[in-house]
Amino acid sequence: MYSFEPSEEQKMLIDAINRYAVNDLRKKARDAEEESHLPEDLIQKGWELGLLQASIPESYGGFGEYSALTGVLAGEELAYGDFAGALAVLTPASFALPILLCGTEEQKQTFLPPIAEGEWQPYSAAIIEPFLDFDPNELRTKAEKQNGNYQINGEKIYVPYADGAKQLIVYANLDGKTQAFIIDPASPGVTIVERQKLMGINALPVYKVKLENVLIPGENRLGGEVGIEFTPILDSMRLAMAALALGISRAAYEYSRDYAKDRDVFGVKVAQKQAIAFMLAEMATEIESIRLLTWEAAWKLDQRKEDASKEAYLAHIGAADMAMMVTDRAVQILGGHGYIREHPVELYMRNGRGIAMLTGIGMI
Amino acid sequence: MIEFEMPKPIAQQSYVLKTVAENMMRPVSRYFDEHEHEIPWDYINFMHMAMRATGAGSLAPPERKEDEEKKEEKKSRPPIAYQMLAFMLEMLSWGDVGMYLCTPGGGLGAAAVEAAGTPEQKRKFLARFAEEKPTFAAMAMTEPHCGSDTSAIRTTAVLDKTTNEWVLNGEKIFVTAGQKSLEESNGFVVIWATIDPSAGRAGIRSFVVETGTPGVKVTKLEHKLGIRASDTASIVLQDARVPFENILGSPEIQTETTKGFKGAMATFDATRPLVSATGIGVARAALELLKEMAAAQGFQVRYGLPKTKLTNFEREIIDMEVLLQSAWLLVIKSVWMADNRKPNPLEASMAKLRAGDVVTKITQRAVELMGPLGYSRDYLLEKWFRDAKITDIYEGTGQINRLVVARNILGYTGRELR
């Protein structure tokens with residue numbers, strides 16, 4: 001059957017996140033961006049909503065089951081508040097979910113309970129590399145097997161909370177395949193080079209990380225000796241971007257819609273001009289159709305449908321275009337005011353531009 | 001629970017309809033494109049026979065008596081009639097949208113009766129589609145001087161109190177299947193007319209005018225860019241008399257001023273997603289042919305790569321797939337809402353405007369991407385390019401649907417956002 005109605009449980013979750021997104025995240029978003037800092041208590045409050053905890057089964061310290069569909073619903077709602085804040089709240093998920101999806105029993109027992117049962121802690125992941133043809137399936141960071149251990153060499157960028165991270169998952173190329181390794185950032189050979197300055201999400205601390213002959217014990221290869229099937233992890237990363245793009249776009253659309261209904265022009269409201277009204281109609285339609293594509297991809301992922309990966313890829317591409325189209329128009333609808341940092345639409349636009357390229361910076 | 005599992009009856013239906021599309025439509029697609037105004041009777045008779053046997057494609061309440069047990073079982077299952085129909089139209093239009101528009105069974109005329117008619121009217125007017133001969137119905141709204149602006153309709157309906165009949169006068173154009181409804185079968189046309197020309201939209205009502213009504217005449221068949229298998233008729237009404245009860249809707253809808261117009265407009269909430277589905281079928285056909293031709297000549301589409309590694313051809317195909325699937329899901333959502341009796345004017349118009357944009361763009365791009373072959377009439381691609389464009393025009397142009405969506409999301413009346 002087709003159905004477009006979230007479950008009661010999902011609705012309650014969305015409501016709770018919505019309150020946090022509107023009352024907490026969004027209110028702090030501008031200052032956080034300007035000061036390049038997210039208050040710890042703000043992140044902790046988001047963490048307490050229990051998104052990740054609800055994805056982890058009881059046996060590993062959580063209280064639920066992983067669902068990509070619930071994840072995209074939650075992701076949209078978080079980013080509806082603020083993209084950087086959403087990524088911060090979700091950062092531990094980018095470490096825990098790969099372990100949940102692909103880890104050995106021992107890895108799950110070791111790493112998941114302290115995360116699920118504790119406060120928000122900087123567990124993170126490193127995947128993006130400084131190349132314009134960066135491809136998660138063909139990483140330049142190399143892993144080599146040595147006497148049952150692994151040696152890693154390469155360079156990672158945009159690693160959230162790398163400085164002071166408890167543990168990192170580092171993705172690397174092992175014999176042509178993307179594999180994941182659990183690394184203590186204090187290990188010899190790991191250098192946190194610098195905090196990076198980006199076009200948007202400045203509130204989120206992201207770092208350049210160098211890996212020089214980093215030696216990883218065999219048991220810290222995700223999935224153990226056989227390693228991992230990377231595809232479902234990548235699918236989840238792409239869906240995270242799509243979901244977050246929906247939140248950013250919805251926020252931008254609503255802000256510009258409300259502004260247009262309030263602003264006078266030639267004796268009427270701006271929104272009463274078809275030139276503006278039609279832009280808003282197209283923005284709303286774009287968001288709704290890409291939302292459905294994202295939902296379908298997530299549902300297929302949960303149902304292990306054959307074409308789930310393809311659709312997650314399509315959803316990400318569609319969402320990246322949507323985010324740019326919608327946030328650009330939001331700025332345009334506000335005119336000169338859209339360009340001023342007193343309004344959030346310029347921030348939405350800068351954040352929206354990241355969706356296409358930031359695959360791997362979050363997971364849901 | 002959010003779900004995207006195609007219901008079994010729809011999957012079965014699609015399997016059968018694909019065979020119909022491949023065997024009864026595609027082989028004669030080109031012929032009927034090049035022989036405009038010839039009627040594809042083989043297809044029509046086959047579909048009529050098949051639909052009578054299975055009851056498919058009809059929104060009319062089933063006449064068969066069911067035992068209580070079966071009724072209970074049916075109630076517990078979620079309703080999917082509109083979804084069935086959307087999938088049916090998509091698949092038949094994948095075959096040939098012009099021929100699909102010739103499918104007997106009432107089309108937009110029946111949809112209007114279904115959306116705005118009383119139970120008696122539904123019984124009276126919809127029963128004919130189950131008869132032995134294929135029967136058609138149409139909806140007539142556009143006039144020579146007005147299209148989207150339905151409040152400007154000049155066709156009049158005056159009640160003759162001595163005979164208790166409505167007397168209709170005026171001219172309608174662009175009536176899809178008008179000829180088949182009035183001249184080729186025992187069908188009807190739903191005519192939009194005003195009972196009070198000074199009242200604007202408040203005066204608009206819809207009337208069922210049946211085949212054989214004196215004073216009703218098909219005066220012209222259009223020559224079109226595409227969908228040539230389907231007749232597009234002009235109809236003149238000259239003192240055409242219909243019984244009082246042929247005015248669609250319950251008594252209060254007939255008399256209360258704005259409800260009549262709204263009742264008539266409600267038809268669109270049902271038909272816009274369905275028309276969108278036909279466009280999606282055409283675009284899917286175009287995209288599939290393009291991919292098949294490309295694969296045969298050594299162009300494979302690789303998914304999952306960063307854009308820097310994709311060829312322009314791959315990027316175009318991927319973008320087209322995003323557009324097509326996201327537009328199709330909007331259609332499915334809007335018919336799912338109709339099935340579940342959720343008001344869907346916003347979603348119906350969103351689906352329609354998106355489909356109009358997307359199918360036009362996809363067929364245009366597909367013709368270009370097939371290179372010099374795209375321009376050849378040896379392939380159906382150029383025909384689908386011509387066929388697809390109508391999706392953005394009939395049942396409300398893309399612009400009218402933008403207006404509907406905009407008023408909806410902004411909370412504006414027609415006066416506040418003109």
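The structure displayed is predicted, hence computed values, not measured ones. Lettering of chains follows the sequences in order, A, B, ..., and the numbering in each one begins at 1.
In this structure, chain A has no heavy atom under 4.5 Å from any part of N340(B). Both the backbone and the side chain of Y303(B) come within less than 4.5 Å of a heavy atom of chain A. Only the side chain of K342(B) comes within contact range of chain A, judged by heavy atoms closer than 4.5 Å. In this structure, the portions of L132(A) lying under 4.5 Å from any heavy atom of chain B include both its backbone and its side chain. Contacts between R418(B) and chain A at a heavy-atom distance below 4.5 Å involve the backbone alone (N, CA, C, O). Contact annotation for L73(A): only side-chain heavy atoms (C-beta onward) come within less than 4.5 Å of a heavy atom of chain B. Neither the backbone nor the side chain of E8(A) has a heavy atom closer than 4.5 Å to any heavy atom of chain B. Heavy-atom distances place both the backbone and the side chain of L330(B) under 4.5 Å from chain A. When heavy atoms are compared at a cutoff of 4.5 Å, S326(B) approaches chain A by way of both its backbone and its side chain. With a 4.5 Å cut-off on non-hydrogen atoms, K307(B) touches chain A through its side chain but not through its backbone. If you measure heavy-atom distances from E347(B) to chain A, you find no contacts under 4.5 Å at all. Both the backbone and the side chain of K333(B) come within contact range of chain A, with heavy atoms under 4.5 Å apart. When heavy atoms are compared at a cutoff of 4.5 Å, L403(B) approaches chain A by way of both its backbone and its side chain.
Among G411(B), S349(B), P7(B), G304(B), the residue with the largest count of heavy-atom pairs under 4.5 Å with chain A is G304(B). Counting heavy-atom pairs closer than 4.5 Å to chain A, the top-ranked of the candidates R407(B), K309(B), K8(B) is K309(B). Of the listed residues (P6(A), A356(A), G318(A)), the one with the most heavy-atom contacts under 4.5 Å to chain B is P6(A). In terms of non-hydrogen atom pairs under 4.5 Å with chain B, the most contact-rich of A271(A), A315(A), S7(A) is A271(A).
Atoms CG and OG1, from N401(B) and T285(A) in turn, are 9.0 Å apart once rounded to the nearest 0.5 Å. One distance of note links CG of L329(B) with CD of E296(A); it measures 4.5 Å at 0.5 Å rounding. If you take CD on E5(A) and CE on M337(B), they are separated by 9.0 Å, rounding to the nearest 0.5 Å.
Using a 3.5 Å distance cut-off with no hydrogens or angles, the side chains of E5(B) and Q303(A) do not pair a donor with an acceptor.
Counting heavy atoms from C-beta on, the side chains of D135(A) and T308(B) never come closer than 4.5 Å.
Considering all non-hydrogen atoms of both residues, A277(A) and A406(B) come closest at O-CB, 3.6 Å. Between V405(B) and A281(A) the shortest heavy-atom distance is CG1-CB, 3.6 Å. Nearest heavy-atom pair across F278(A) and Q399(B) is CZ-O, 3.5 Å. A pairwise comparison of heavy atoms in R354(B) and E286(A) identifies NH1-OE1, 2.7 Å as the closest pair.
Within 6.0 Å of the NZ atom in K261(A), the count of heavy atoms belonging to other residues, nucleotides or ligands exceeds 12. Within 6.0 Å of atom CZ in R302(B), more than 12 heavy atoms from other residues, nucleotides or ligands are found, so the atom counts as buried in its surroundings. Crowding of Q332(A) atom CD: a count of heavy atoms from other residues, nucleotides or ligands under 6.0 Å not exceeding 12. Within a 6.0 Å sphere centred on OH of Y66(A), heavy atoms belonging to other residues, nucleotides or ligands number more than 12.
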Given the rule in the side chain to side chain contact (heavy atoms under 4.5 Å, CB included) test, do I332(B) and F4(A) qualify, once you have shown the distances and angles that lead to the verdict? CA-CA 10 Å; I332(B) 297 176; F4(A) 299 88; 3.9 Å; yes

Run the side chain to side chain contact (heavy atoms under 4.5 Å, CB included) check on K305(A) and F4(B) step by step: do they pass? CA-CA 11 Å; K305(A) 298 279 179 190; F4(B) 291 87; over 6 Å; no

Please lay out, stage by stage, how D319(B) and D321(A) fare under the test side chain to side chain contact (heavy atoms under 4.5 Å, CB included). CA-CA 10 Å; D319(B) 285 345; D321(A) 289 347; 4.1 Å; yes

Apply side chain to side chain contact (heavy atoms under 4.5 Å, CB included) to I80(B) and M1(A), showing your working. CA-CA 9 Å; I80(B) 57 167; M1(A) 285 296 145; 3.9 Å; yes

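S3(A) contributes a side-chain N or O that, together with a main-chain N or O of M1(B), makes up a donor-acceptor pair within less than 3.5 Å. Although no hydrogens or angles enter the test, the distance criterion places a donor-acceptor pair under 3.5 Å between the side chain of Y313(A) and the main chain of L305(B). Side chain of W295(A) to main chain of I2(B): no donor-acceptor pair is present (N/O by atom type, distance under 3.5 Å, no hydrogens or angles). Judged purely by atom type and a 3.5 angstrom limit, Q272(A) uses its side chain to pair as donor or acceptor with the backbone of E416(B).
When the heavy atoms of residues 235-255 of chain A are compared with those of chain B, the residues falling under 4.5 Å are R238(A), Y253(A), listed by number.
Looking at residues two or more places apart in sequence or on another chain, you find no side-chain hydrogen bond (donor to acceptor under 3.5 Å, both in side chains) involving D258(A).
At a threshold of 4.0 Å, the pair E321(B)-K310(A) counts as salt-bridged, since one of the basic side-chain nitrogens sits closer than that to a carboxylate oxygen.
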